[in-house]
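Throughout, residue positions are numbered sequentially from 1 according to the sequence presented.
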Amino acid sequence: MKAFPVLSTPAPQLEAARHRQAFMLLRTVFVIAPILFGLDKFTNLLTDWTMYLAPVATSVVPLPAQTIMYIVGVVEIVAGVVVAVRPRIGSAIVALWLLGIIINLLVLGSFYDVALRDFGLLVGALALNRLSPAPLSTHKAA
């Protein structure tokens, strides 16, 4: 009689596999989504992104709203690339970026549903950060 592979796999290996799967799912999403959303800041195919920008932003940064969105797009693309190559650092950048977006939406006084969604994404970015491998220590214990 054959045993099921899952039943014959030691528990630590299963935990490591689950950890790796969760890490890869989150990493993939936080690479692809920021890059796609960042690229869309230049095309506005998904939406007119300027409507999500609080007017106080254009008073603090004296640039047209669309120019600010171009800058936002570049930051999002860079954040996605950083998640791809350094997930621990990139996920922290994405989490802070999402916090900024949430604050902007709260200041705007609308799109609370988007702010709540972005809070969920922020929690996902923090989870990715916790699942990301720790950097290798360059110092040896004495």
Side-chain angles (χ1 to χ4, degrees), residues 2-141:
K2 286 189 169 183
F4 289 104
V6 171
L7 297 177
S8 63
T9 304
Q13 287 179 343
L14 283 177
E15 280 303 309
R18 284 190 205 112
H19 177 277
R20 180 81 178 144
Q21 290 168 356
F23 169 77
M24 291 305 295
L25 284 168
L26 288 167
R27 182 178 180 187
T28 301
V29 167
F30 285 110
V31 167
I32 293 172
I35 291 172
L36 289 179
F37 287 129
L39 289 171
D40 196 59
K41 301 302 188 289
F42 295 91
T43 63
N44 290 315
L45 292 174
L46 296 174
T47 190
D48 174 13
W49 293 100
T50 59
M51 73 177 169
Y52 295 107
L53 189 62
V56 70
T58 54
S59 66
V60 172
V61 180
L63 294 171
Q66 187 58 53
T67 303
I68 293 173
M69 284 297 118
Y70 293 150
I71 296 166
V72 166
V74 170
V75 170
E76 289 176 342
I77 293 166
V78 168
V81 171
V82 174
V83 171
V85 296
R86 299 292 295 258
R88 184 173 283 246
I89 295 168
S91 60
I93 292 168
V94 169
L96 288 172
W97 189 251
L98 287 163
L99 180 61
I101 292 170
I102 293 165
I103 291 168
N104 170 75
L105 293 171
L106 294 175
V107 168
L108 184 60
S110 57
F111 302 111
Y112 296 117
D113 57 330
V114 178
L116 182 59
R117 180 211 57 204
D118 286 352
F119 178 75
L121 289 171
L122 183 149
V123 172
L126 293 175
L128 174 60
N129 184 270
R130 297 296 300 143
L131 290 170
S132 295
L136 297 174
S137 177
T138 56
H139 299 83
K140 297 209 179 217

Exercise for the section: Say whether T43 and D40, considering side chains only, have a donor N or O and an acceptor N or O under 3.5 Å apart. Expected result: yes

Interatomic distance, [X] atom [atom1] to [Y] atom [atom2] [nearest 0.5 angstrom]:
{"X": "K41", "Y": "L36", "atom1": "NZ", "atom2": "CG", "value": "10.5 Å"}
{"X": "R86", "Y": "S132", "atom1": "CZ", "atom2": "OG", "value": "10.5 Å"}
{"X": "I103", "Y": "D118", "atom1": "CD1", "atom2": "CG", "value": "12.0 Å"}
{"X": "M24", "Y": "L128", "atom1": "CE", "atom2": "CG", "value": "10.5 Å"}
{"X": "L45", "Y": "L39", "atom1": "CG", "atom2": "CG", "value": "10.5 Å"}
{"X": "F30", "Y": "N129", "atom1": "CZ", "atom2": "CG", "value": "11.0 Å"}

Closest contact, heavy atoms only, [X] versus [Y]:
{"X": "I102", "Y": "A115", "value": "CG1-O, 3.7 Å"}
{"X": "A57", "Y": "I68", "value": "O-CD1, 4.1 Å"}
{"X": "M69", "Y": "L53", "value": "CE-CD1, 3.9 Å"}
{"X": "A125", "Y": "S91", "value": "O-CB, 3.4 Å"}
{"X": "A79", "Y": "V94", "value": "CB-CG2, 4.0 Å"}

Do [X] and [Y] come close enough that some side-chain heavy atom pair is under 4.5 Å?
{"X": "L25", "Y": "V29", "value": "no"}
{"X": "Y52", "Y": "I101", "value": "no"}
{"X": "L106", "Y": "Y112", "value": "yes"}
{"X": "Q66", "Y": "N44", "value": "yes"}
{"X": "V72", "Y": "W49", "value": "no"}

Handout entry: Sequence-distant partners of F23, ring pair (Phe, Tyr, Trp, His ring centres under 6.0 Å), two or more places apart
Key = none

Handout entry: Heavy-atom neighbours of F37 CZ exceed 12 at 6.0 Å
Key = no

Handout entry: V83: which of V31, I93, I89 passes side-chain contact (heavy atoms from CB on, under 4.5 Å)
Key = V31

